[in-house]
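Structure record follows, encoded as structure tokens.
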Protein chains: 2
Amino acid sequence: MTTDTRVRILIAAAALFARKGFHGTSTREIAAAVDVRQPSLFHHFASKQAILAELLDRDLDPTLGRLRRLRASTPDPASALYAYLLEDIAELAVSPFDARGIYNDEVLEDPGLRPQRRKRRALHAEIRELVEEGIESGVFRSVDPAFARRAISGMVLDTIWAKESDDAGDLADRPRQLAEFVLRGLLRDPAAIEAVRQRALETGDR
Amino acid sequence: MTTDTRVRILIAAAALFARKGFHGTSTREIAAAVDVRQPSLFHHFASKQAILAELLDRDLDPTLGRLRRLRASTPDPASALYAYLLEDIAELAVSPFDARGIYNDEVLEDPGLRPQRRKRRALHAEIRELVEEGIESGVFRSVDPAFARRAISGMVLDTIWAKESDDAGDLADRPRQLAEFVLRGLLRDPAAIEAVRQRALETGDR
DNA sequence: GTCTATACTGGGATAGAC
DNA sequence: GTCTATCCCAGTATAGAC
């Protein structure tokens with residue numbers, strides 16, 4: 001018994017969205033990739049947009065959950081951020097759904113994707129709060145939290161684009177590299193990074 | 001005498017591409033924004049893609065030029081990178097052409113945009129080399145240069161997205177914040193950042 | 001250099017049989 | 001749950017008058 005057609009549609013659509021964008025991908029292409037006829041898609045999803053909505057949900061929901069859990073269980077904002085970045089990048093790397101095409105902000109603008117847009121905002125707010133906590137407690141430099149949040153999102157996004165790029169480098173080490181880079185940019189005392197990583201790994205492992 | 005229609009098309013198209021993406025923007029919308037009929041566009045540009053191509057050229061050519069000039073005139077890679085980031089972000093902020101929509105990699109894949117794709121690769125290569133030089137000379141930590149290049153691109157891209165966002169923070173200070181963040185992530189000795197900034201400003205000012 | 005009219009294509013989605 | 005057939009619209013681009 002092969003994988004659920006519904007899931008195969010999601011996987012194929014995600015891959016195509018990543019390569020050609022949402023608008024640049026036709027339902028016919030998705031259908032061809034799944035090896036069904038184009039109208040069959042509409043038995044599983046009400047619309048092309050509904051496919052995207054489910055992809056977004058399947059990425060945003062667990063990500064938001066992870067971050068909130070980490071924030072609750074890890075008092076130190078620096079370690080929480082470090083652990084979040086590790087987990088997020090690692091998760092993106094192993095997910096069957098290629099996330100590279102679903103966060104082009106243009107597409108999230110559509111009124112039909114309001115719930116997803118709200119979740120994404122919530123995620124951004126959580127990260128931003130984490131940065132603010134770090135600044136208030138004095139561990140982070142006093143950067144503009146909005147800027148830091150954007151820088152982090154941009155790096156994460158662009159890092160996952162490296163999935164199959166030619167100049168990808170050592171992919172397995174990417175989560176750590178990213179977390180390290182971000183924390184170094186934020187920490188008032190970069191030497192503290194060893195301790196931060198240590199605490200982050202402790203919380204992550206249990 | 002109002003601005004050249006050709007230029008007004010470029011400005012309007014860039015703004016729409018930024019908001020809705022290339023595929024998500026129709027030539028009708030562009031025409032409406034310029035207040036001409038849709039077929040009139042084709043007097044100025046051979047195709048919709050040609051509009052995008054020119055936008056890319058107008059951004060890539062000067063950017064690549066600036067970076068190469070800086071590399072030639074600034075022996076210290078750390079300062080060169082700092083100066084480049086300052087200039088690049090500042091330039092993006094004042095450009096009449098909104099650059100946010102033109103670098104969705106999906107769209108650069110089209111065979112018709114090969115020249116632009118090549119230029120972009122060249123730009124990436126230059127940045128990567130800058131990072132490599134910094135590592136070889138011992139000023140930068142030994143990060144994966146491909147990763148660093150991606151992180152930088154991602155941050156720049158996402159930073160310009162902040163142009164009119166609600167949580168934009170202090171926009172005027174963004175170039176410095178970005179350059180500082182990146183250099184802190186790279187420098188082996190973060191305390192050296194003062195000297196790096198100093199040298200960068202000297203080269204930039206003349 | 002801009003217009004109107006229109007050709008042509010491809011895309012999303014539905015109807016209804018099996 | 002998948003198929004064939006088909007509708008309908010939106011999109012790019014061209015022709016040719018002014």
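These numbers were taken from a predicted model, which means no experiment stands behind them. Convention: sequence-line order gives letters A, B, ...; per-chain numbering from 1.
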Quick one: [X] [atom1] to [N] [atom2], roughly how many Å, whole number?
X: A:I51; N: C:dG11; atom1: CD1; atom2: C1'; value: 13 Å
X: B:R37; N: D:dA15; atom1: CZ; atom2: P; value: 22 Å
X: A:L52; N: C:dG12; atom1: CG; atom2: P; value: 13 Å
X: A:H23; N: C:dG11; atom1: NE2; atom2: C1'; value: 13 Å
X: A:L16; N: C:dG12; atom1: CG; atom2: P; value: 12 Å
X: A:Q49; N: C:dG11; atom1: CD; atom2: P; value: 18 Å
X: A:E29; N: C:dG11; atom1: CD; atom2: P; value: 7 Å
X: B:F45; N: D:dT12; atom1: CZ; atom2: P; value: 15 Å

Please tell me if [X] has a side-chain N or O lying less than 4.0 Å from either OP1 or OP2 of [N].
X: B:T5; N: C:dT2; result: yes
X: B:H43; N: C:dG1; result: yes
X: B:T27; N: D:dG11; result: no
X: B:H44; N: C:dT2; result: yes

When you measure from the side chain of [X], which nucleotide among [options] comes out closest?
X: A:P39; options: C:dT4, D:dA5, C:dG11; answer: D:dA5
X: A:F42; options: C:dA13, C:dC3, C:dG1; answer: C:dA13
X: A:K48; options: D:dA13, C:dC3, C:dG12; answer: C:dG12
X: A:Q38; options: C:dG12, D:dT2, C:dT2; answer: C:dG12

Exercise for the section: State plainly whether the residues A:E109 and B:R19 are in salt-bridge range, i.e. N to O under 4.0 Å. Expected result: yes
Practice task
Classify the side chain of A:R28 and the base of C:dG10 as holding, or not holding, a donor-acceptor pair under 3.5 Å.
Solution key: no
Exercise for the section: With heavy atoms under 4.0 Å as the rule, sort A:S26 into base, sugar-phosphate or nothing. Expected result: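 Sugar-phosphate, no base atom in range.
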Practice task
Indicate yes or no: at least one non-hydrogen side-chain atom of B:Y84 is less than 4.5 angstrom from one of B:T74.
Solution key: no
Problem - Cationic tip of A:R6 above A:F45 ring, under 6.0 Å, 45° of axis - result: yes
Problem - Cation-pi, B:F42 ring and B:K48 (6.0 angstrom, 45 degrees) - result: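 Negative - B:K48 is either too far from the ring of B:F42 or too far off its axis.
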Problem - Distance-minimising heavy-atom pair for B:I89 and B:L178 - result: CD1-CD2, 3.3 Å
